[in-house]
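First the structure, in the form of structure tokens, and then the observations on it.
Below, chain A is the first sequence line, B the second, and so on; all start at residue 1. We use all heavy atoms of the structure for the numbers below, so side chains are in, but hydrogens, waters and symmetry mates are not.
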Amino acid sequence: MSEQPKDPAPISDRYEPAAVEERWYPIWEQRGYFKADPTSAKKPYCIVIPPPNVTGSLHIGHGLNDTLQDVMVRMKRMDGFNTLWQPGTDHAGIATQVVVERQLAAEGKRKEDLGREAFVQRVWQWKEESGGTIIRQLKRLGASCDWSRLRFTMDEGLSRAVREVFVRLWDEKLIYRDDYIVNWCPRCGTVLSDLEVDREERDAEFVYIKYGPLTLGTVRPETKVGDTGLAVHPKDKRYKKYVGKTLDIPSVDGTVSVRVVADEAVDPKFGTGVIKVTPGHDPTDFEIGRRHNLPVRTVIGFDGRMTEAAGKYAGMDRFEARKKIVEDMQALGLIDHIEPYRHAVGLCYRCKTVVEPLVSKQWYVNVKPLAQEAIKAVRSGKIKIIPRGWTKTYYHWMENIRPWPISRQLWWGHQIPAWYCERDGSIHVSRTDLTSCPDCGGPVRRDPDVLDTWFSSGLWPFSTLGWPDDTPELHTFYPTSLLVTSFDIIFFWVARMAMFGLYVMKAVPFRDVYIHALVRDAEGQKMSKSKGNVVDPLELMTKYGTDAFRFTLVALAAQGRDIRLSDERVEGYRNFANKLWNAARLVLSNLDGYDAGAARKATPDLAARWITSRLQATTAVVRRHLTAYRFNDAAAAIYQFLWGEFCDWYLEIAKLDLYRRDEPARRLATQHALVTTLECTLRLLHPFMPFITEEIWQRLPHDGESIMIAPYPKLVRARVDATAETQMGVVMGVVTAIRNIRGEMRVAPGVTLAAAVKPPDAASAALVQDHAALIQSLARATVSVDQAATRPRNSALGVVGGLEVYVALEGIVDLTAERQRLEKEIKRAEDAIAFGRAKLARPEFAERAPAEIVDKEREKVAQQEALREKLVASLAWVG
RNA sequence: GGGCGGAUAGCUCAGUUGGGAGAGCGCAGCCCUUACAAGGCUGAUGUCGCAGGUUCGAGCCCUGCUCCGCCCACCA
């Protein structure tokens with residue numbers, strides 16, 4: 001504690017966060033505290049940020065996600081680690097493209113009007129305009145990212161990484177093209193992976209159609225014109241005779257021929273046990289079709305309209321066609337009957353358009369072999385998922401993984417590095433752009449599709465560190481230490497990173513994965529723009545301060561449970577910040593004459609030893625919980641210590657010494673305890689509340705230039721003082737007993753009471769005697785101590801452990817209330833005695849329970865009996 | 001159809017190896033006591049979802065059930 005406080009400006013009695021937050025962040029950043037050093041010999045600690053959409057803005061989910069990361073990073077940085085919090089943003093292919101398309105629409109234009117190059121240029125322009133928003137907001141949140149290393153999934157280096165991985169996978173035959181049935185969004189005009197399809201229950205009609213001699217049900221009658229077969233279960237006796245036959249069936253467009261096949265996929269118990277097979281427009285049917293060589297007929301096009309193959313329905317919207325075809329069949333008597341039916345339909349996750357299964361040629365990654373490694377990494381513990389429950393979800397998905405369609409029919413993104421020879425159609429995948437066919441020198445055409453945005457974010461943990469170049473960053477920080485993310489992108493992102501990391505780097509991308517919950521509104525509803533219940537984190541930060549906002553999220557971040565966020569919660573923690581502020585004010589305004597050097601030699605009194613010891617306990621608890629990612633428990637421990645112990649007890653006690661000038665040694669010792677405890681508590685709290693802690697810390701005597709780079713508190717065993725805690729417990733107990741009586745007896749606060757304490761032994765007599773002044777001040781009661789004390793007339797009784805406290809009430813209040821109070825306490829004691837005796841009376845308990853438990857029970861009963869005796873005697877006396 | 005989570009004070013939720021349940025907010029009473037009324041002191045409130053089981057002992061472990069929520073899944 002070498003530095004003296006800079007002469008403190010007058011401090012407001014309310015903490016005003018805005019100015020403080022604006023002041024410190026730029027200083028931290030300018031001084032380079034956020035910067036990682038890839039050449040440092042210190043132990044590395046690295047987190048890569050889940051890259052937010054580059055054109056997005058901070059929502060409450062980021063608030064939680066990034067606060068938790070910042071807590072860990074700040075803690076580790078203070079703990080002496082070489083920390084890197086790697087920041088960056090994602091190009092978010094479809095999401096961003098849709099936004100710009102909407103902008104164009106407002107101008108009455110479509111992207112086709114601009115052409116690909118101009119459109120992509122326009123998106124880049126939008127990225128330049130809006131790309132800084134979320135970064136500024138992250139800074140506002142206090143995020144201590146190394147901004148000098150900001151990356152973007154489409155910047156030069158990362159694009160190289162994408163291409164390199166693509167080429168490698170292609171060379172190893174893990175990337176391939178296939179004609180397969182895909183999820184197609186007719187509105188976005190692109191293929192979607194299974195993950196990008198949302199399911200929603202909808203009411204529909206289950207239409208039973210007559211197929212010659214057979215009848216079957218469908219919810220998609222419009223696909224009838226694409227039918228190329230019928231299927232039944234192989235063991236279904238009802239239909240055995242039709243299997244293998246080709247039936248000529250009267251239909252809406254004349255007679256059609258369909259073959260009947262037997263396939264396990266058919267559930268004989270559902271509907272009539274017969275299904276129509278439309279390989280072109282249903283995933284199950286596609287598979288059946290492949291198994292039985294049924295042709296694919298595409299009757300719905302990429303625009304969601306019926307194709308020429310749909311005959312007289314050609315050009316019609318698919319849902320119109322559904323209605324029309326039912327009408328037509330009804331007219332022809334082909335409909336048996338119609339039932340109402342509720343089922344799940346697939347919707348595009350971006351625009352909620354009903355997805356159309358279509359056959360088309362797409363690029364795929366065969367992720368199965370990669371998934372095997374990713375499963376092993378978790379099973380072997382190389383990757384630890386916290387909370388544990390998510391591992392099962394992870395395994396389930398990984399074990400049932402299917403080929404990943406990676407091509408998207410968009411313009412914004414990493415264009416697939418594949419070229420087709422115009423002469424022979426041969427495919428050439430290349431690290432560098434091709435202008436001619438490498439085989440024949442003929443002209444080439446580049447594949448127009450781009451990659452799924454998750455392809456590039458899947459490379460994030462190593463691409464941001466410089467891969468494919470061999471960089472010191474990779475050597476120092478890969479594998480990264482921790483990934484903090486939300487459960488909804490476990491498959492999209494975490495799984496892909498695990499697979500790619502292991503494939504490319506031959507090492508896990510991260511050691512711990514902490515998966516946090518969703519932030520909901522006060523009613524527990526998921527926040528959504530359409531519901532209008534979105535809480536803006538910026539507003540909360542402005543209203544209550546960033547520290548309060550951060551602390552709220554951390555305090556509510558219990559594992560495995562969603563967070564319900566409300567203004568009241570944040571307000572509560574704003575009050576906590578204010579409490580800390582005022583505690584600091586008290587300390588700072590009483591530091592005159594403080595000399596750290598001299599103070600170190602002063603002898604701490606009981607209260608000082610107590611608060612010091614409590615701080616050690618708190619430090620240990622906070623560290624333990626942070627290590628286990630039990631953020632809420634860590635926050636609660638600090639909250640409780642700072643408010644419930646430091647402010648409520650120690651500051652009140654300290655005032656007694658601070659306000660009297662006649663004992664400078666005591667005053668100095670107390671000043672020292674205040675300064676050291678507060679200073680250390682601030683460091684403990686800093687990762688949670690970075691701004692206010694820095695502001696106060698700078699005004700306190702401290703070592704170093706910023707709390708951000710000061711050491712994180714460690715448990716110092718020498719400062720743990722069990723005796724002080726026990727003794728202080730007695731003193732506090734006496735104070736509480738007197739206050740108790742005062743409160744319940746409705747004694748006016750101005751009245752000074754007289755309390756006589758009867759201790760059980762000389763040691764406690766001395767203890768109470770030594771702290772009589774303290775008790776007197778905290779409880780507003782004069783204290784006399786006498787082992788042989790007898791109860792004064794008209795007094796109330798309090799019992800603290802073995803001590804009895806008599807509070808004289810003669811002339812203050814009558815004793816009716818005391819009678820009631822005693823009766824209540826007697827009842828309480830008697831209940832406890834009855835319970836304990838019953839327990840002890842059971843032979844099983846006495847014989848089977850551990851001796852220490854039985855002893856404890858006996859002791860408890862004895863204690864309660866003694867208490868009861870005292871209370872009863874007292875009651876008789878009062879009566 | 002599978003899987004996961006939740007059900008604890010009026011509300012929101014903690015409760016980590018099983019030993020007679022806690023916090024915050026809210027509520028009631030008293031207090032503007034020179035850090036803080038965004039505060040202090042005191043107080044009240046719980047068949048820990050239901051039914052069984054294991055155990056000397058269960059909010060916690062096991063089984064079944066009810067009600068909520070979520071995720072996965074090609075029953076048309």
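In this structure, the OH atom of A/Tyr650 is 19 Å from the P atom of B/C36, given to the nearest Å. What separates CZ of A/Arg199 from P of B/G3 is a distance of 20 Å, to the nearest Å. Taking atom CD of residue A/Glu16 and atom C1' of nucleotide B/A38, one finds them 12 Å apart after rounding to whole Å. Protein atom CH2 of A/Trp581 is 16 Å distant from nucleotide atom P of B/A35, rounded to whole Å. When the C1' atom of B/G24 is taken as reference, atom CG of A/Leu565 falls 14 Å away, rounded to whole Å. We find that CZ of A/Arg574 is positioned 5 Å from C1' of B/A38, with the value rounded to whole Å. Nucleotide B/C74 holds its C1' atom 16 Å from the NE2 atom of A/His281, rounded to whole Å. Taking atom CG of residue A/Asn632 and atom C1' of nucleotide B/G15, one finds them 10 Å apart after rounding to whole Å.
If you check distances only, the side chain of A/Arg569 does reach the base of B/U12 with a donor-acceptor pair under 3.5 Å. Residue A/Glu744 places no side-chain atom within donor-acceptor reach of the base of B/A44, judged by atom type and a 3.5 Å distance cut-off alone. No donor-acceptor contact under 3.5 Å links the side chain of A/Lys276 to the base of B/A76.
The aromatic ring centres of A/Tyr639 and A/Phe641 sit 6.0 Å or more apart. In this structure, A/Phe549 has its ring center no closer than 6.0 Å to that of A/Phe688.
Residues A/Gly743 and A/Val219 each lie close to RNA chain B; by heavy-atom proximity, the contact nearer the 5' end of the strand is made by A/Gly743. Toward the 5' end of RNA chain B, the nearer of the two residues A/Ser589 and A/Leu556, judged by each one's closest nucleotide, is A/Leu556.
Aromatic ring orientation, A/Trp390 versus A/Phe487: parallel (interplanar angle below 30°, classes split at 30° and 60°). Between A/Phe206 and A/Tyr208, the angle of the ring planes goes over 60°, which puts this pair in the perpendicular group of the 30/60° scheme.
You'll find that the side chain of A/Glu652 is closest to B/A35, out of B/A35, B/A76, B/G20. You'll find that the side chain of A/Asn575 is closest to B/A38, out of B/C71, B/A38, B/G24. For A/Lys579, the side-chain atoms get nearest to B/A35 when compared with the rest of B/C72, B/G19, B/A35. Ranking B/G19, B/A38, B/A35 by closeness to the A/Lys655 side chain, first place goes to B/A35. For A/Val266, whose side chain is taken as the heavy atoms from C-beta onward, the closest listed nucleotide among B/C72, B/A76, B/A38 is B/A76. The side chain of A/Arg585 sits closest to B/A35 out of B/C13, B/A35, B/G69. For A/Arg630, taking side-chain heavy atoms from C-beta onward, the closest of the listed nucleotides B/C13, B/A37, B/U16 is B/U16. For A/Asp648, whose side chain is taken as the heavy atoms from C-beta onward, the closest listed nucleotide among B/G20, B/A44, B/C41 is B/C41. For A/Cys647, the listed nucleotide lying nearest its side chain is B/A35; candidates were B/U16, B/U42, B/A35. Distances from the side chain of A/Phe845 to the nucleotides B/G3, B/G19, B/A35 place B/G19 closest.
Using a 4.0 Å heavy-atom cutoff across all strands shown, A/Asp855 reaches no nucleic acid atom at all. Using a 4.0 Å heavy-atom distance criterion, A/Phe576 is classed as making no nucleic acid contact. Across all strands shown, A/Arg342 has no heavy atoms under 4.0 Å from either base or sugar-phosphate atoms. Residue contacts shown for A/Thr393 are absent, as no nucleic acid heavy atom lies under 4.0 Å away. The residue A/Pro357 sits apart from the nucleic acid: no heavy atom pair falls under 4.0 Å.
When A/Leu192, A/Val197, A/Val354, A/Asn183 are each tested for a side chain to side chain contact (heavy atoms under 4.5 Å, CB included) with A/Leu347, only one passes: A/Val354. With A/Phe646 as the fixed residue, the side chain to side chain contact (heavy atoms under 4.5 Å, CB included) test singles out one of A/Trp649, A/Tyr650, A/Trp643: A/Tyr650. For the side chain to side chain contact (heavy atoms under 4.5 Å, CB included) with A/Asp336, the qualifying choice from A/Ile209, A/Thr215, A/Thr272 is A/Thr215, the only one to do so. The side chain to side chain contact (heavy atoms under 4.5 Å, CB included) with A/Ile833 is formed by just one residue from the set A/Arg828, A/Arg868, A/Lys860, A/Gln863; it is A/Arg868.
Nucleotides B/A35 and B/G18 place their C1' atoms 44 Å apart, quoted to the nearest Å. When the C1' atom is compared between B/A9 and B/G5, the two are found 23 Å apart, to the nearest whole Å. Between the C1' atoms of B/A58 and B/G1, the separation comes to 34 Å (whole Å). Taking atom C1' in both B/G57 and B/A21, the straight-line distance is 16 Å, to the nearest Å. A gap of 23 Å separates the C1' atoms of B/U17 and B/C13, to the nearest Å.
Between A/Asn740 and B/G43 there is a side-chain N or O to OP1 or OP2 distance below 4.0 Å. Taking side-chain N and O atoms only, A/Arg746 has no distance below 4.0 Å to OP1 or OP2 of B/G29. Distances shown here put every side-chain N or O of A/Arg780 at or beyond 4.0 Å from the OP1 or OP2 atom of B/U42. Dashed line: the shortest gap from a side-chain N or O of A/Tyr341 to OP1 or OP2 of B/A76 is under 4.0 Å. Remark: A/Trp643 is in phosphate contact with B/G40, judged by side-chain N or O atoms under 4.0 Å from OP1 or OP2. Contact annotation: A/Lys856 side-chain N/O to B/G19 OP1/OP2 distance is not under 4.0 Å. For A/Arg842 and B/G19, the shortest distance from a side-chain N or O to OP1 or OP2 is not below 4.0 Å.
Judged by distance alone, the side chain of A/Glu222 and the main-chain N or O of A/Ile325 form no donor-acceptor pair under 3.5 Å. Side-chain N or O atoms of A/Asp282 include none that pairs as donor or acceptor with a backbone N or O of A/Thr278 at under 3.5 Å.
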Dot-bracket encoding per residue of RNA chain B, Watson-Crick/G-U cut-off under 3.5 Å, | denoting interstrand: (((((((..((((.....[..)))).(((((.......))))).....(((((..]....))))))))))))....
Hey, mind stepping through A/Glu287 and A/Thr284 against side-chain hydrogen bond (donor to acceptor under 3.5 Å, both in side chains) and telling me if it holds? CA-CA 5 Å; A/Glu287 295 290 347; A/Thr284 309; over 6 Å; no
Could you walk me through whether A/Glu823 and A/Arg819 pass the salt bridge (Lys or Arg N to Asp or Glu O under 4.0 Å) test, one step at a time? CA-CA 6 Å; A/Glu823 275 166 0; A/Arg819 225 195 134 73; 3.6 Å; yes
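Geometric assessment of A/Lys384 against the ring of A/Tyr514 yields a negative cation-pi assignment under the 6.0 Å and 45° thresholds.
For RNA chain B, none of the residues of residues 200-208 of chain A falls under the heavy-atom distance limit of 4.0 Å.
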